[in-house]
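Just below is one structure, and these are the notes that go with it.
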Amino acid sequence: MKRHPLLLLMLWGCLTLVHAQVYNVRDYGAVGDGQTLDSPAINAAIEAAVKGGGGQVLLPAGTYLSGSIRLKSNIDLHLAAGCTLLAAPASMKAYDPSESFGGFPEYQDGGHTYFHNSLIWAEGQTNISITGHGMIDGKGLTRRDTERAGNLQGGSIGTGDKAIALKLCRQVTIRDITIYRGGHFGIIMTGCDLSTIDNVTIDTNRDGFDIDCCKYMTITNCRINTPSDDALVLKSSYALKKPVLCEHIAVSNCNITGFKCGTLLDGTYVPEPVGWVCGRFKLGTESNGGYRNISLTNSTFMYSSGLAFEEVDQGVMENIVVSNITMSHVHHYPIYITTGCRNRGPKEVTRPSSARDIQISNVIADDCDSLCSIIVTGMKDEPIRNVWLSNIRLTFQGGGARELVNKDYREQDTNYPEPKFAGQTPAYGLYARHVEGLHVNDVTFRYVRPDYRPAVVLDDVRDCTLRALDAPTEKGVKQVVTFRSENVVTE
């Protein structure tokens, strides 16, 4: 067959262009032996790609010992199958110092304030991605919030804190990677817009994903194992020196677990030998701006706490939808909705925290801790408004005492919003206080051991409908008990 010279020339040009857009870190001095510090070579490849207008920075198979990697605009950091990016120990002093916060008061923890002392970080960049079927192993990262002491810039010199830290970035994609031992946070994204996280596996001993002050983001098809802290948590801190809503976030098709760290990856799936694990989906506690238009669907939980929605720092929480959730071996609570007045933020802000329009449906959970029922608690002068709970099936361990119905359950007030500090709830199935507009439809509660608490306790609840409630009680125990409540209709 005759080859047309012009066609061959065009094909060669295309191949050359494709080749020019891939920057192999080994061409810039990376060794990949797990002993040589390769982050200088990786950063050199990134800088070369930036000068070339962008492209893919490739880490082929190998183990790359690394300190801070500075991701830049129009760069795809690609971890190929067989690649491990290994976080260097603090003794090598291979991490960038944490940046200054500029003298502005810090209302949030150091982990939410400083970003540059991370394994991979970017600030103010556009069109960036971290992709590939390789692994990030944060062996050398710290699990502790060490950034408030160490140097004048706010952090301990040489200590790596987080696996991936992105601030004020746009058009972010994180896809297909695995993170093992992610440090303080596996992924933190603050003030990032138009982002996609897909098919990511995290098996770590602190937080998995921290999504703070972000908007227009999808998180799909992820597996998150976090026995010691939150799995997937949305936050709205003061890290951007102003209240910023976390909004328009859609989460779907995720698995959240609390197995012993490392056993999700090795396939042994060992439950933590402690009495309580975390591993939950959560809004809060940092909540200065608040949350709006949040969706969680088609996800599973195993050996973890359940769903927590906490607005305690003078922000708003509204238009929250949860559906199609299964849970097994639920620690402490299956569903927790609360507002409070911790008010960690500028004293000049005087508005109360608020929550409204929250809908949770199609939830099945077994082996739920007897500590807590579903909890919906607002504040006396600012009730939670309009909560829908429908088509929910929960089985509890049981064992609650009869006298708990009259318990003076702790008001949230300025306390840290964690139910374990308040102790057992007065009801075994649903406890609601300071709520206006509570709609419960087709909800079933069961317990394994006898429980002498009512199924439902309503305290200062107005405009409540309980329709098709299927909840047994022991002899002499009422199914529904109300205190100071109005317009409660049972059908």
Side-chain angles (χ1 to χ4, degrees), residues 37-40 42-43 46 57 59 64-73 75 77 79 84-101 106 108-125 128-131 134-151 153-169 172-174 177-192 195 197 200 202 204-214 226 229-230 233 235 237 239-240:
L37 188 66
D38 284 327
S39 44
I42 297 170
N43 283 315
I46 290 173
V57 173
L59 278 69
Y64 299 86
L65 187 66
S66 181
S68 290
I69 296 171
R70 305 169 200 112
L71 195 55
K72 301 293 180 68
S73 294
I75 300 299
L77 185 67
L79 311 181
T84 297
L85 184 65
L86 179 63
S91 60
M92 296 188 73
K93 300 188 182 303
Y95 300 94
D96 293 340
S98 54
E99 66 274 31
S100 170
F101 200 56
E106 297 175 27
Q108 60 286 326
D109 297 338
H112 300 90
T113 306
Y114 304 104
F115 295 77
H116 296 184
N117 58 332
S118 301
L119 180 60
I120 301 172
W121 69 267
E123 182 173 351
Q125 305 301 307
I128 58 176
S129 59
I130 303 169
T131 63
M135 174 184 288
I136 295 173
D137 183 349
K139 181 179 181 180
L141 301 175
T142 181
R143 294 177 53 189
R144 298 179 176 86
D145 187 352
T146 61
E147 296 166 296
R148 290 185 182 275
N151 63 36
Q153 291 182 303
S156 301
I157 296 176
T159 301
D161 188 78
K162 297 168 278 282
I164 299 173
L166 308 177
K167 179 180 179 181
L168 295 172
C169 295
V172 176
T173 299
I174 302 175
I177 63 169
T178 295
I179 298 176
Y180 173 47
R181 298 181 290 194
H184 194 176
F185 304 141
I187 298 173
I188 183 169
M189 298 174 65
T190 299
C192 296
S195 303
I197 301 175
V200 170
I202 295 184
T204 189
N205 41 26
R206 284 297 304 270
D207 282 10
F209 297 162
D210 276 44
I211 307 302
D212 188 8
C213 302
C214 295
T226 55
D229 219 320
D230 297 322
V233 52
K235 299 187 176 182
S237 74
L240 300 179

Evaluate the side-chain proximity of Val172 to Ile130: yes if any heavy-atom separation is below 4.5 Å, no if none is.
no
Residues which pass side chain to side chain contact (heavy atoms under 4.5 Å, CB included) with Ser66, listed by chain and number, not counting sequence neighbours
Ser39, Ile42, Ile69, Leu85, Leu119
Does some side-chain heavy atom of Leu79 sit less than 4.5 Å from a side-chain heavy atom of Thr131?
no
With a 4.5 Å heavy-atom cut-off, do Cys169 and Ile128 have their side chains touching?
yes
The single option from Thr190, Asp210, Asp230 passing side chain to side chain donor-acceptor pair (under 3.5 Å) against Lys235:
Asp210
Who are the salt bridge (charged side-chain N to carboxylate O under 4.0 Å, His left out) partners of Arg181, not counting sequence neighbours?
Asp137
What do you reckon, are the aromatic ring centroids of His116 and Tyr95 less than 6.0 Å apart?
no
Do His112 and Phe185 come within less than 4.5 Å of each other through their side chains, counting heavy atoms only?
yes
Shortest non-hydrogen separation from Arg206 to Thr226 and the atoms involved:
O-CG2, 3.4 Å
Asp212: partners by salt bridge (charged side-chain N to carboxylate O under 4.0 Å, His left out), with sequence neighbours left out
none
Taking all atoms of both residues into account, what is the closest heavy-atom pair of Ala88 and Leu65, and its distance?
CA-CD1, 3.8 Å
Judged by atom type as modelled, is there a donor-acceptor pair below 3.5 Å linking the side chain of Lys162 to the main-chain atoms of Gly111?
yes
Heavy atoms of Gly182 and Leu141 approach each other most closely as O-CD1, 3.7 Å
CD1 on Ile174 to CD1 on Ile120, rounded to 0.5 Å:
8.5 Å
Between Ser237 and Ala239, the two heavy atoms sitting closest are OG-N, 3.1 Å
Set of side-chain hydrogen bond (donor to acceptor under 3.5 Å, both in side chains) partners for Tyr64, sequence neighbours left out
Arg26
Working to the nearest 0.5 Å, report the span between CD1 of Ile164 and CD1 of Ile177.
4.0 Å
Which of Ile188, Val200, Ile179, Val233 passes side chain to side chain contact (heavy atoms under 4.5 Å, CB included) with Phe209? Answer is Val200
Rounded to the nearest 0.5 Å, how far apart are NZ of Lys93 and OG1 of Thr159?
7.5 Å
Any residue meeting side-chain hydrogen bond (donor to acceptor under 3.5 Å, both in side chains) with Arg70, in chain and number order, not counting sequence neighbours
Asp96
What heavy-atom pair brings Leu71 and Gln125 nearest, and what distance separates the two atoms?
O-CG, 3.6 Å
Close side-chain approach of Glu99 to Phe115, heavy-atom, < 4.5 Å:
yes
Any non-hydrogen side-chain atom of Ile197 less than 4.5 Å from a side-chain atom of Met189?
yes
Restricting to side-chain hydrogen bond (donor to acceptor under 3.5 Å, both in side chains), what partner residues turn up for Asn43, sequence neighbours left out?
none
For Thr204 and Asp207, which heavy atoms make the closest approach, and how far apart are they?
CG2-O, 3.6 Å
